[in-house]
Amino acid sequence: MKSAGKLARAAVTLLAGTAILAGAGQALAQDNRIEIHWWHAMAGARGELLNQLVEGFNKGQDKYKVIATNKGNYPEAMTAAMAAFRAGKAPHILQVFEVGTGTMMASRAAIKPVYQLMQENGYKFDPSTYITSVTGYYSTSDGKMLSYPFNSSTPIMYYNKDAFAKAGLDPEKPPRTWQEFEPALKKLKESGSTCPFITSWQTWVHLENFSALHNVPFATKANGLDGLDTELKFNSPLHVRHITTLANWMKEGLMVYGGRKNEPNGKFASGECAILMESSAGYASFTKAPFKWGMAMLPYYSDVQGAPQNSIIGGASLWVMARHTPEEYKGVAQFFDYLAATENQVFWHTKSGYLPITPMAYETTKSSGFYAANPGTDVSVRQMTLNPPTENSKGLRLGNFVQIRDVMDEELEAVWSGKKQPKEALDTAVERGNRLLRQFERDVKR
Amino acid sequence: MEKRVVFHNKYLPYLLVAPQIAITVIFFFWPASQAIVQSVLREDAFGVSSHFVGLDNFIALFEDEYYLNSFKVTALFSTLVTVIGLSLSLLLAVTADRIIRAATLYKTFLIWPYAVAPAVAGALWGFVFLPGPGIVAYLLQQMGVDWNFHLNGAQAMFVVVVAATWKQISYNFLFFLAGLQSIPKSLIEAAAIDGAGPVRRFWTIVLPLLSPTLFFLIVVNVVYAFFETFGVIHSLTRGGPAKATEILVYKVWYDGFEAQDLGGSSAQSVILMAIVIGLTVIQFRYIERKVHY
């Protein structure tokens, strides 16, 4: 009998709890603003900056309420949205990393193109007011923007000025070309460095951006922007030459391999490695480093015609999901308009290290004296806009790109461990990658 | 007196097993049937369009050299984990069983690793073997070994086997110790009086009497190596380098969640399901017959 009494009491408590919850629900419902859900993958400091942007929007008007939710890392956010879409509960806005772009574009029925969204809701949407090398990545070949570039970055070079001085190199003059690189690395090694050079995101830096900077195709059909029947091209003599150079450096201890993603950042931040290639958005992780460091553009081969061209971006963009009401889309458009405002762009650019997406934002940041006070923070923008982009440097759009990146990583690792010759490895990577591209093409056309 | 429990109400027994059946249906049969359905479809990422493609997904798998490679990797990995894990824990259990002083202390320490989650075990061993600062990596480098398990496939396999085995040793140890303690002392004493030394006693008396435990542990360990080592692999090598540690279940996850190839991933799940059913049948049909209870 005693336990029955307990049970009854528990039931009463439960009921009371439900009543309170219901009451709270009613209170919330009185705030009858239209909710706009945004799923993203920004955590930590970047997540807080994002929340500040959202808060600004929510306070600035009373019709819509943007609710930003972190859904884990990029692939997790994307997978969550796919499952949600199937269940009819997709968010309005989804942040998708650049390698997911091909997949999103191929899912035409699941997305609402951004240019269409802006036009329908009466926003004058002029893509030419954006930095073309940023928007090019997310536009169709005839310049229609499909997703909204939110956080874009480009790889740059970070170097340890103290290590340079110790090796007798000029800390204010980092090597500009790959030819100047080798003597510098040798001097660093002679001065006692166990890790003169390391790189994060090796495929993004040494194959994808390498191609763009040297104005050679990474893949046919303008790197996939012009069609699904694209084929990989990163096994050209120039690519083989570069990978061979890197492999030799590794053998001689001039370069160290530290992993596929940004694991090498730690080795630079600790002072172990003298030169690092990493995203411009890695900037924030080195501000506390106990040594002087600088930023510079990626090197190039000076004997290649047209180099340096311009680098391409990584990061993510915002996609609008299909099957929502016109009223809600109106709110999304208004939110995007808010994000593009110069003050918000400047805020995001200067705090996070991501690129500004409009020239206006860049100029404003410049005239505010931010770049002068923080030397090197404009390297990424200048490198992106070195030259008007060509069809080799507009961007990349490949289906199954997540797997293609892994294939490239695997084959490069085979080179670094001495199992394969550079030519053989790049040929295999191209062949395996092309198979993935054909599979994607078949799936889309079915 | 009737020893069996008899239900007088016809429906009560069904009602009592209903929750278990419901759980099995919702969490096992339903997802399994979904996997079978998905395995004959090709879909875009958002499921807007899907097409029946028959056995295309399966054919593509067997044309993929990396899928076949994954079989070899899984076979090697699960054999190593099972054999090394069982031998070591049996050795530990036999020695712990003989210890008189501070036995509880030893046993407690040996059981601890079981409380560690696979992903954490992976991260711990990752620190120990991290090329450069890792303590074992440092010693190996001092000995002249070119240690970098991020690049060397054999070394990567070694590290994941160490981490996966270490985690499972406690579990095996517990069962072996319990098994050892249930062997009647009189049998062993009789053998000792007849002049059999400790080694001989182990092979002729202890091991045969321990065979039900051993059999049970083989089944559990193989299943562990097949499925539960995902966390270890994910945190240590992510299946690399060059797919040297990509076991079947890791590939299922990768193709489904990273590569968003639901059809291919489901086809692999179906094959995996068939393998496990097959293994279980073999184990209970043939191996169990040789076990003395």
Side-chain angles (χ1 to χ4, degrees), chain A residues 74-76 78-79 81-87 90 100 102-104 106-111 194-195 250 256-261 263 266-267 270 272 321-323 400-407 409-420 425 432 435-436 439-440 442-444 446, chain B residues 34 38 41-53 56-57 59-61 63-66 69 126-127 130-133 141 146-156 234 236-246 250-251 253-265:
Chain A
Y74 285 131
E76 281 162 3
M78 205 166 156
T79 315
M82 287 170 182
F85 187 85
R86 284 160 191 256
T103 306
M104 296 301 293
S107 314
R108 272 302 173 93
I111 60 153
T194 53
C195 173
M250 286 213 196
V256 168
Y257 181 64
R260 296 175 178 187
K261 303 197 167 176
E263 300 91 342
K267 293 197 172 193
S270 70
E272 189 187 337
M321 305 298 300
R323 299 182 188 168
N400 283 335
F401 200 14
V402 178
Q403 290 128 293
I404 294 175
R405 275 233 175 122
D406 280 329
V407 164
D409 273 320
E410 282 166 22
E411 297 297 334
L412 284 181
E413 282 171 354
V415 176
W416 309 150
S417 62
K419 261 192 270 173
K420 277 188 185 169
R432 286 174 64 192
R435 251 188 285 163
L436 287 163
Q439 184 203 44
F440 187 77
R442 269 201 312 277
D443 283 353
V444 171
R446 249 193 257 265
Chain B
Q34 285 289 308
Q38 287 280 344
L41 298 177
R42 284 216 70 92
E43 252 180 18
D44 70 302
F46 290 89
V48 180
S49 64
S50 72
H51 299 269
F52 177 77
V53 293
D56 274 11
N57 287 327
I59 294 165
L61 276 183
E63 281 171 353
D64 178 6
E65 56 190 303
Y66 290 94
N69 172 60
F127 283 132
L130 190 69
Q141 277 151 358
D146 182 14
W147 178 263
N148 189 348
F149 77 91
H150 293 306
L151 275 181
N152 184 316
Q155 290 177 357
H234 190 55
L236 274 172
T237 62
R238 297 186 138 252
K243 303 193 185 286
T245 54
E246 191 177 65
Y250 195 83
K251 192 169 161 58
W253 171 81
Y254 174 83
D255 286 354
F257 288 89
E258 293 271 297
Q260 267 118 26
D261 173 12
L262 281 184
S265 175

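Everything quoted here is computed from the prediction, not taken from an experiment. Protein chains get the first letters and strands the later ones, always in sequence-line order, with residue 1 at the start of each.
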Would you give the length of the straight line joining atom [atom1] of [X] to atom [atom2] of [Y], rounded to the nearest 0.5 angstrom?
| X | Y | atom1 | atom2 | result |
| --- | --- | --- | --- | --- |
| B:L151 | A:K419 | CG | NZ | 8.5 Å |
| B:D56 | A:R442 | CG | CZ | 8.0 Å |
| B:R238 | A:D409 | CZ | CG | 11.0 Å |

Item to check | Ionic contact status for B:E43 with A:R86, cut-off 4.0 Å | outcome: yes
Checklist entry - Quick one: are A:M104 and B:F46 in side-chain contact, heavy atoms under 4.5 Å? => result yes
Checklist entry - Considering only heavy atoms from C-beta outward, does the side chain of A:M78 approach that of B:Q260 to under 4.5 Å? => result yes
Pick one of side chain, backbone, both or neither for [X], based on which atoms fall under 4.5 Å of a heavy atom in chain A.
| X | answer |
| --- | --- |
| B:L262 | side chain |
| B:D146 | neither |
| B:E258 | both |
| B:N148 | side chain |

Chain B contact via [X] - side chain, backbone, both or neither, heavy atoms under 4.5 Å:
| X | value |
| --- | --- |
| A:A106 | neither |
| A:T79 | both |
| A:R323 | side chain |
| A:R435 | side chain |

Checklist outcome for this item: ring-ring contact (aromatic ring centres under 6.0 Å, His included) filter on B:Y254, not counting sequence neighbours, yields none
Checklist entry - Among A:S107, A:A414, A:A81, who wins on heavy-atom pairs under 4.5 Å with chain B? => result A:S107
Item to check | For A:R432, all residues meeting side-chain hydrogen bond (donor to acceptor under 3.5 Å, both in side chains), sequence neighbours excluded | outcome: A:E410, A:E411, B:Y66
